[in-house]
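Quick caveat, the model's predicted, so the values are computed rather than measured.
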Amino acid sequence: MDRRTAPRVATLAAAVALLVGCSGEVTDRGSSGSGTTTSGALPSSSSGSAPTDVVTDLEAPWSIAIDDEVALVSERDSGLVLEITDDGGTREVGTVEGVSAGGEGGLLGLALHEDHLYTYLTTDEDNRVVRHELTGEPGALGLGDAETILAGIPSASFHNGGRIAFGPDDMLYVTTGDAGETERSQDRESLAGKILRLTPEGEVPEGNPFEDSLVWTLGHRNPQGLAWADDGTMYASEFGQDTWDELNVITAGDNYGWPTVEGIADDERFTDPVQQWAPDEASPSGIAIADGSIWIANLRGARLREVPLDDPSTSTEHLVGEHGRLRDVAVATDGSLWVLTNNTDGRGDPDDGDDRILRVGVVRKA
């Protein structure tokens, strides 16, 4: 049964065109390698309107997963997986067993693949990836038995990574944090501080850069977002420490430098980010690609950042300070963006109705 309600939303097949209010000034930080940042409205008609609620009253949500008729969201602390219903409410699909919430840990990333739900969760011993068969039909989904496909990822109160996504090769990609021990990121034998690539069953697939290893890339501090462009290029967002947050182009086998370097270092041993930002303007979490741009949800920066694929050293800021911390962004079946707020996780300042998923329309560029 529905445990919460929200204003009824339009059918997912409807086209949406929204104009989003923004604040801030144009900033050129190109001399530091940050590129150029502007603030302005999302590309849309001049007669557009503000973002609308898809659903409200979520509790410490973390990840959105959308696939055809199914739209799910995870709650970090409760371990609940919620289904977003056609009338704008939510219903409980099930509780992922074994979740140990604390600090930044708990039920984190979700991914849908061939009638299975994949989850990334923190337990008392580790971080792990567990999959469940989805039972029932949309609107009445349930979770089948749990199957752990990857265990032993180091966990801590902070820096757990947690984003999971299937790439265009049908392999599962997993971001892991350094779990507070920075040297792990440079250790190829450790699963921490990495982006991992595995089969849907949790095995090492053909084509991984290191023999008998799930490691796809190394030298990460706490990567939080994954997305692929139509040409197969892979991007990841990453929390820095005190100096630079990053957007990286991900290439198999590359080393992204943490903890030796942070941000653009021009060190031939490491791969530099294509763009970097000061943490108080960013803390980039989930990302999505739509309409020729990468869209990045920012936590501490409390904004939605747009990075054009054809010029990834530049960006435009949207929703600056309007909805608080933003945890994830996903492309809905109608082409709009669903943006997940994250103000009830103990670090935000929740408004009435928080947390929520906002629908933000993007008009196709000519």
Side-chain angles (χ1 to χ4, degrees), residues 24-39 104 156 158-163 175-186 192-195 216-227 233-251 254-288 293-309 311-318 320-321 325-329 342 347:
E25 298 178 351
V26 175
T27 304
D28 186 353
R29 300 199 303 273
S31 61
S32 65
S34 305
T36 301
T37 299
T38 61
S39 296
E104 296 173 356
F158 307 102
H159 305 179
N160 288 295
R163 194 69 58 188
T175 74
T176 69
D178 65 17
E181 296 187 19
T182 60
E183 69 277 4
R184 290 168 166 162
S185 297
Q186 291 296 321
K194 309 293 188 299
I195 296 177
W216 189 245
T217 57
L218 67 157
H220 299 285
R221 181 177 180 268
N222 195 16
Q224 291 277 298
L226 292 173
T233 301
M234 181 180 177
Y235 296 87
S237 60
E238 182 164 342
F239 292 154
Q241 183 167 276
D242 300 317
T243 309
W244 296 117
D245 292 334
E246 300 177 357
L247 176 66
N248 288 296
V249 173
I250 299 301
T251 303
D254 280 10
N255 187 329
Y256 290 81
W258 178 255
T260 307
V261 300
E262 180 182 354
I264 296 171
D266 294 322
D267 187 322
E268 63 183 11
R269 295 173 296 171
F270 307 119
T271 300
D272 281 338
V274 293
Q275 192 167 168
Q276 61 186 19
W277 307 276
D280 62 352
E281 298 176 354
S283 299
S285 188
I287 69 176
S293 293
I294 307 163
W295 303 86
I296 307 171
N298 291 267
L299 290 162
R300 185 176 171 188
R303 67 199 68 188
L304 181 67
R305 185 171 270 110
E306 176 188 3
V307 176
L309 290 171
D311 191 4
S313 66
T314 66
S315 62
T316 304
E317 298 173 345
H318 309 285
V320 180
R325 292 159 53 84
L326 304 181
R327 171 64 73 177
D328 198 13
V329 57
N342 200 198
R347 294 182 175 178

Provide the closest heavy-atom pair for Tyr256 versus Thr251 in the form atom of the first, atom of the second, distance. OH-N, 2.9 Å
Which heavy atom of Ser315 sits nearest to which heavy atom of Val307, and what is that distance? CB-CG2, 3.8 Å
Is there a donor-acceptor pair under 3.5 Å between the side chain of Thr175 and the backbone N or O of Gly161? no
What's the spacing between Arg221 CZ and Glu238 CD if we round to 0.5 Å? 8.5 Å
Counting distance only, does the side-chain N/O of Gln276 pair as donor-acceptor with the main-chain N or O of Ile264 below 3.5 Å? yes
Shortest non-hydrogen contact between Arg327 and Ser285, atoms and distance: O-OG, 2.7 Å
Look at the side chain of Glu306 and the backbone N and O of Thr316, then say whether any donor-acceptor pair between them is shorter than 3.5 Å. no
Which pair of heavy atoms, one from Pro279 and one from Gln241, lies closest together, and at what distance? CG-O, 4.0 Å
Say whether, by atom type as modelled, one donor and one acceptor occur between the side chain of Asp178 and the main chain of Ala192 under 3.5 angstrom. no
4.5 Å side-chain heavy-atom contact, Arg300 and Arg347: no
Say you draw a straight line from OG1 of Thr233 to CD1 of Ile250; how long is it, rounded to the nearest 0.5 Å? 11.0 Å
Any side-chain heavy-atom pair of Ile296 and Val329 under 4.5 Å: no
Indicate yes or no for a side-chain donor-acceptor contact from Arg303 to the backbone of Gly301 under 3.5 Å, with no hydrogens or angles considered. yes
Taking C-beta and beyond as the side chain, do Trp295 and His318 meet within less than 4.5 Å on heavy atoms? yes
Glu281 versus Asn298, side-chain donor and acceptor atoms under 3.5 Å: no
Can you name the closest pair of heavy atoms from Leu218 and Ser185 and give their distance? CB-O, 3.6 Å
Is it the case that Thr260 and Gln186 place a side-chain donor and acceptor less than 3.5 Å from each other? no
Met234 and Ile195, any side-chain heavy atoms less than 4.5 Å apart: yes
Spell out, as yes or no, whether a donor-acceptor pair under 3.5 Å connects the side chain of Ser237 to the backbone of Leu247. no
Using a 4.5 Å cut-off on heavy atoms from C-beta on, say whether the side chain of Tyr235 contacts that of Val249. yes
Main-chain N/O of Pro284 paired to Gln224 side chain as donor or acceptor, under 3.5 Å: no
Heavy-atom pair of closest approach, residues Arg184 and Lys194: O-NZ, 2.7 Å
So do Pro223 and Glu246 actually touch side chain to side chain, heavy atoms under 4.5 Å? no
Does the side chain of Asp328 come within less than 4.5 Å of Arg163's, by heavy atoms? yes
With the side chain counted from C-beta on, respond yes when Asp245 and Ser283 share a heavy-atom pair under 4.5 Å apart, and no when they do not. yes
